[in-house]
Every structure is written in C-alpha cells, then in structure tokens.
Amino acid sequence: MGRKNESAYQKTEKLLRAYPALKEHVSDEDEYMDMIFKGKSKSVTSWSKTPTEFHEDQALRARYESLQRSRSDIQRIEKAIGKPDVVPYMPVVEAAYFHIKSDGNRLTNEDVAQQLHMDPRTVSRHRKSAVERISVHLFGSDAIE
C-alpha cells in the first residue's frame, strides 16, 4: 500500500478517505462473484484446457485476491475505529473522511465544525488525535514517530 516514505499518519488518512469506496467496491465485487459462481464452487482455482481459459482464470483469481485485500482493509479500519480510545472522535472522523459534499469534495474543518456545532480548531484537534490513534491501531509501533 502506498509509497514507503509516507508516514503512518498519511497512510491512515488515505485508508479513511478510501473506506466508503472500499465498502462499495466490496459490495459490487461480491455481486459479481455471486453472478460468476452461481451454481458453481466458489473456489477460484481451476484447471484450464485452453490458453484463453487460463488467462480468464488468472484474471478472475487476481480480481478475487484484490477483493480479499479490500475486505481485509475494511476489517482493519472497522476494528480500529471501534476502539474505545477512538470512539469519542468518530463524529469528526465520519464527517471529515466519510462524507462527500454534493460538489464531490470532502467537508472542510469549517464545514465539519458547522455541522457538529464545534469550533474549527476543536475539529482540527479531534481529527488529528483520531488519526494518530487509528494509525497506531493500524500500523503499531511504525505509527509512533
């Protein structure tokens, strides 16, 4: 995931921003996999007789492995944001990272502050504290700088 020179904080923010899209992706891929495997074993491993079937199997296997990585990321995020030290900050996290405005942009700290009836500086502090805590849950000691 990402470049190695990114901090755990930056990686955490990327994961939080991607979380809603990852959930949608997994839902869409689950539908696709159900359609592909309808009435068949859900095993992605199979023996092919032609080169075309072999490439299709490889593509399907790669897609399935990507789906598994996305599921894993979602589980890691959900476990981290459910931790007791993070829960008090979740209204700010949800507003700042999971909501998109009608123009396609994310809410600014000022938007979040207005929505949650808080001072923008409080939103900024809560956001920073939440991401720092979540990053430790996601990346362990690598998040401590």
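Small disclaimer: the values here were computed from a predicted structure and weren't measured.
- The CG atom of L15 sits 4.5 Å away from the CD1 atom of I77 when rounded to the nearest 0.5 Å.
- Remark: K128 pairs with E132 by the side-chain hydrogen bond (donor to acceptor under 3.5 Å, both in side chains) rule, at least two apart or across chains.
- Remark: side-chain polar atoms of S66 are not paired, donor with acceptor, to backbone N or O of A62 under 3.5 angstrom.
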TODO: Would you sort out whether D73 and S70 count as a side chain to side chain donor-acceptor pair (under 3.5 Å), showing the intermediate values?
DONE: CA-CA 5 Å; D73 284 342; S70 296; 5.7 Å; no

Side-chain donor/acceptor pairs under 3.5 Å, residues 84-100, sequence neighbours excluded:
unit_1 : atom_1 : unit_2 : atom_2 : d
D85    : OD1    : H137   : NE2    : 2.9
D85    : OD2    : H137   : NE2    : 3.2
Y97    : OH     : E13    : OE2    : 2.5
Y97    : OH     : R127   : NE     : 3.1

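- Applying the side-chain hydrogen bond (donor to acceptor under 3.5 Å, both in side chains) test to D119 and every residue at least two apart in sequence or in another chain returns R121.
- Interatomic distance, CD of E29 versus CE of M35, reported as 10.0 Å (0.5 Å rounding).
- Residues L67 and D30 come closest through the heavy atom pair CD2-OD1, 3.8 Å.
- In terms of heavy atoms, D142 sits closest to A8 at O-CB, 4.0 Å.
- Counting only heavy atoms from C-beta outward, the side chains of M33 and L60 approach each other to under 4.5 Å.
- Residue I81 is grouped with residue Y9 when hydrophobic side chains (ILVMFWY) are merged at heavy-atom distances under 4.5 angstrom, including chains of intermediate members.
- Residues Q58 and R61 form a side-chain contact, since some pair of their non-hydrogen atoms from C-beta on lies under 4.5 Å apart.
- Environment of CD in Q10: crowded, with over 12 heavy atoms of neighbouring residues, nucleotides or ligands closer than 6.0 Å.
- In this structure, the side chain of D111 engages the main chain of T108 through a donor-acceptor pair within 3.5 Å.
- With salt bridges taken as basic N to acidic carboxylate O contacts below 4.0 Å, one links E78 and K23.
- The cluster map of Ile, Leu, Val, Met, Phe, Trp and Tyr, joined by side-chain heavy atoms under 4.5 Å apart, puts V131 and L116 in different clusters.
- To the nearest 0.5 Å, the span separating NE2 on H25 from OH on Y32 amounts to 12.0 Å.
- The side-chain heavy atoms of R17 and R106, taken from C-beta on, include a pair separated by under 4.5 Å.
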- [ ] Quick one: do Q68 and R71 satisfy side chain to side chain donor-acceptor pair (under 3.5 Å)? Show the steps, please.
- [x] CA-CA 5 Å; Q68 294 305 96; R71 277 192 184 122; 2.4 Å; yes

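- We find the CZ-OG1 distance between R133 and T12 to be 13.5 Å, quoted to the nearest 0.5 Å.
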